[in-house]
Student: 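I have a structure here, written as structure tokens, and I will follow up with some questions on it.
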Amino acid sequence: MSGQIVSVVTGDIVDSQKIAPENYQKMLAILESTLVELTKQTDARFDMYRGDAFQIVFLNLLTQYYQR
């Protein structure tokens, strides 16, 4: 990654334990599909951990932006 501009976004669903189980599973599926779509549109990688926490790393974001 030398010389690359890297951006990292870290997130967590606040108070997720208050979400009904069926809605929680739907929310996780939507979150994951959104992250997958971002990796298709950009040079990015993501990881989900501790249930509903996630991190996505965007590589070469400025280069991608200016090539459009």
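We number each residue from 1, following the sequence as shown. For clarity, every value in this text was computed on a predicted model and none was experimentally measured.
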Student: Could you tell me whether the side chain of Val8 reaches within less than 4.5 Å of the side chain of Ile56, counting heavy atoms only?
Tutor: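 A side-chain contact is absent here, since even the closest heavy-atom pair is not under 4.5 Å.
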Student: Kindly indicate whether the side chain of Val9, heavy atoms from C-beta on, has any atom under 4.5 Å from the side chain of Gln55.
Tutor: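 They are not in contact (no side-chain heavy atoms under 4.5 Å apart), so the answer is no.
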Student: Which atom names give the shortest non-hydrogen contact between Tyr24 and Gly51, and what distance separates them?
Tutor: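 Result for this residue pair: OH-C, 3.6 Å.
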Student: To the nearest 0.5 Å, how far apart are CG in Leu28 and CG in Asp52?
Tutor: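 Here the rounded value is 6.5 Å.
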Student: With a 4.5 Å cut-off on side-chain heavy atoms, are Phe54 and Leu31 touching?
Tutor: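 When only atoms from C-beta onward are counted, Phe54 and Leu31 do touch, with a gap below 4.5 Å.
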Student: How many angstroms lie between atom CG of Asn23 and atom CD1 of Ile30, to the nearest 0.5 angstrom?
Tutor: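 Going from CG on Asn23 over to CD1 on Ile30, the span is 9.5 Å.
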Student: When rounded to the nearest 0.5 angstrom, what distance separates OG1 in Thr10 from OH in Tyr49?
Tutor: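 Here the interatomic distance stands at 5.0 Å.
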Student: May I ask you to test the Ile13-Ile19 pair for a side-chain heavy-atom distance under 4.5 Å?
Tutor: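 Sidechains of Ile19 and Ile13: in contact.
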Student: Would you say Phe46 and Glu32 make side-chain contact, with heavy atoms under 4.5 Å?
Tutor: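 Sidechains of Glu32 and Phe46: in contact.
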Student: Drop me the distance from Phe58's CZ to Gln41's CD, to the nearest 0.5 angstrom.
Tutor: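 Those atoms lie 10.0 Å apart.
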Student: How far apart are the closest heavy atoms of Leu38 and Ala44, and which atoms are they?
Tutor: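 What the structure gives for the nearest pair is O-CB, 4.4 Å.
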